[in-house]
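Numbers restart at 1 for each chain; the letters A, B, ... are given by sequence-line order, proteins then strands. Note that these values count all heavy atoms, side chains included, but never hydrogens, waters or copies made by symmetry.
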Amino acid sequence: MAEQKTVAATGNTVVAEAMRQCKPDVVAAYPITPQTTIVEEYAGFVAKGRVHTEYVTVESEHSAMSACIGASAAGARVMTATASQGLALMWEELHIASGMRLPIVMANANRALSAPINIHCDHGDAMGARDAGWIMYFAESAQEAYDNTIMALKVAEDPSVLLPAMSCLDGFITTHSIDRVDVLDDESVAGFVGEYEPANALLDTDDPVSHGAFAGLGGPFFEFKRAQREAMEAARPVITSVGEAYSQLSGRPFDVIETFGMEDAEVAAVVIGSASGNARHIARQLRAQGVKAGVVKVRVFRPFPYAELAEALRGVKAVAVLDRAESFGAEGGPLFLEVRSALYDASDRIPVVSYIYGLGGSDVRLELMERMFADLSDIAAGSAQPGKLVYLGAR
Amino acid sequence: MPTVNDFEKALTPTWCPGCGNFGMWRALKEALEELGWAYEDFAVVWGIGCHGNGADFLNCQGFHTLHGRALPVATGIALSNPDLHVIVEMGDGDGYGIGGNHFIHSCRRNVRMTAIAHNNQIYGLTTGQASPTSDQFMKTPSTPGGVVEEPVNPVGVAVAQGATFVARGFAGDIPHLKELYKEAVAHDGFALVDVFQPCVTWNKVNTFSWFRDRVYKLEETEGYDPTDRTMAFEQSMKTFHELTCAPDECRVPIGVFYREEGSFTYQDGLPQLDRPAFKRAYEPRDVSEAMERFG
């Protein structure tokens, strides 16, 4: 295990620290609440000479991701950070980064999308980008945000993967709360992520290449997309092996999902991000009262851990999927759709209910978690039918 | 007709005490009262930034848009209801940075509307990072080593790009600013009023007293002719180029830089606006047949 120091810091501070320790060649970013302090801290590192990064302050997120794409295509290690409308403004570039197989790593401070205007946490921004071809990690805590960012870079740059990766942390709740975080020493992180060996770099003047050429009408577009899917599948074992190596380095366990009480759970909640703790807290209380409650936290959303979820939820009598994002017109939130799909091949038909919670930073109170588990117990006991989507705690 | 007090029947501003936005807010309310418009005669469109919070502080028809997108939203409003006076409130990061392309094209498009820029040379809402109009070499949390780029020159860009009314005001001179607003909204074409709006919390360089020592009025400048575009362009090149410039060696004009009467507006190029869709919808219809069964 590497030497670590324990710090009291916000999620944004330790994400900036993780970025510094990964030594990116280029960071192009634009400030947006609640990501701002990541780029401020990083700008400070550059100004003090603590990292040798070309740090570019651009005029918009569209330009930020464009500059990242250019730099990555040129062969640089590239990182950035954004949130909400910033991620939305990057939308067309997100697809270019993944389609051109550029392993850019971006922290995203999850925040609601307008309208109406809101600056607080939900996952609507990241979920809007879920089909953009990026690997997606979600953190419950500042510690996980730090760890995920480092692992994401190692996975993204793996020659069998070469996909961009997002490291998501909950706006304000995780980005701005001071948390206890164990931080690795610089040498350990540098050794862990290693040097980036770019394939097909623009700056390789001995072997000139062009990027992003037209691939329509009989061109290889279709095959490019299949290659992206194959790369996303190839990322699964890499995420696991990188996680194992990182666990050995840090002493902190990692899995694409994290379970609590699932060994004998009859009712279970599936959740992403900072609300996982609330769900676990209530599950723990219920277990003390004899209710077999469990929680599954999803830490990697893309590639989605279908097999792991199906295994974790085997034998459960009722499942609640908590979505901090909407998918209007669908049967439930984005996570619900994935979880129910993961359970399709299960031998027993498990009732799954979609709960939408916490949009735009609305409170995720413990009694809401209690109510959700009470619903599940009724369904499991057969005294209630699984209902349609629930807006948990909406007035 | 609504008065200053009526326009204030909204939320109490949350701007920092002493913010330049208060002067601009006051000047706008007074201008609106003196123009004698009814509420239905005008609409205000805001971008994102501290200025944009003003959407909650002015009792009127309004639209709080996305970062940088106030001008295109306002263009849509102005073209769908050509009888409406449309006023855009935008910031420097908002209107000259992330929405800079819209600014350039609004100037050349010459849509009949007024753009007011809250230019404080800093990102106030995200707490003090460099903006596109921050002085070169200015140190901020996002540029601890100093801003590398040349600042945007909004007045120069507007004059060069064919805007037909270009003015600059100062939030510390409310009566002067109010008159600029009234002239701008009376203009038949795209009007820009760029306003020096000191951010008292995050920009400790470009303060009220800093501006007060350095601004002079074009209308008090002998021989200045605001219908002369070359003269306007020449004046627009007078910028605060050095952070440390002394008041006597760095003087910057405020007032009307350029005014072109009788220009060809975007609305002039759309004959269908003589009878816009909303007017057709309001044409009275005979509903007596439908009412018959109700006796």
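Contact of T65(B) with chain A is made through the backbone alone, with heavy-atom distances under 4.5 Å. P132(B) does not touch chain A: none of its heavy atoms, backbone or side chain, sits under 4.5 Å away. For chain B, no part of Y42(A) is nearby; none of its heavy atoms comes within less than 4.5 Å. With a threshold of 4.5 angstrom between heavy atoms, S114(A) approaches chain B through side-chain atoms but not through N, CA, C or O. Proximity to chain B is limited to the side chain of T36(A), based on heavy atoms less than 4.5 angstrom apart. Only the side chain of Q85(A) comes within contact range of chain B, with at least one heavy atom under 4.5 Å from a heavy atom of that chain.
Ranked by heavy-atom pairs shorter than 4.5 Å toward chain B, the options I117(A), I32(A), T37(A), V46(A) are led by I117(A).
A side-chain N or O of D170(A) and one of H123(A) form a donor-acceptor pair less than 3.5 Å apart.
Between E93(A) and the options S66(A), S98(A), P164(A), C68(A), a side chain to side chain contact (heavy atoms under 4.5 Å, CB included) holds for only S66(A).
Atom CZ of F45(A) sits in a crowded spot, with more than 12 heavy atoms from other residues, nucleotides or ligands closer than 6.0 Å.
Between the side chain of Q161(B) and the backbone N or O of H105(B) there is no donor-acceptor pair closer than 3.5 Å. The closest donor-acceptor contact from the side chain of R324(A) to the backbone of S274(A) lies at 3.5 Å or more, if one exists at all.
With rounding to the nearest 0.5 angstrom, the CD atom of Q197(B) is 10.5 Å from the CZ atom of F22(B).
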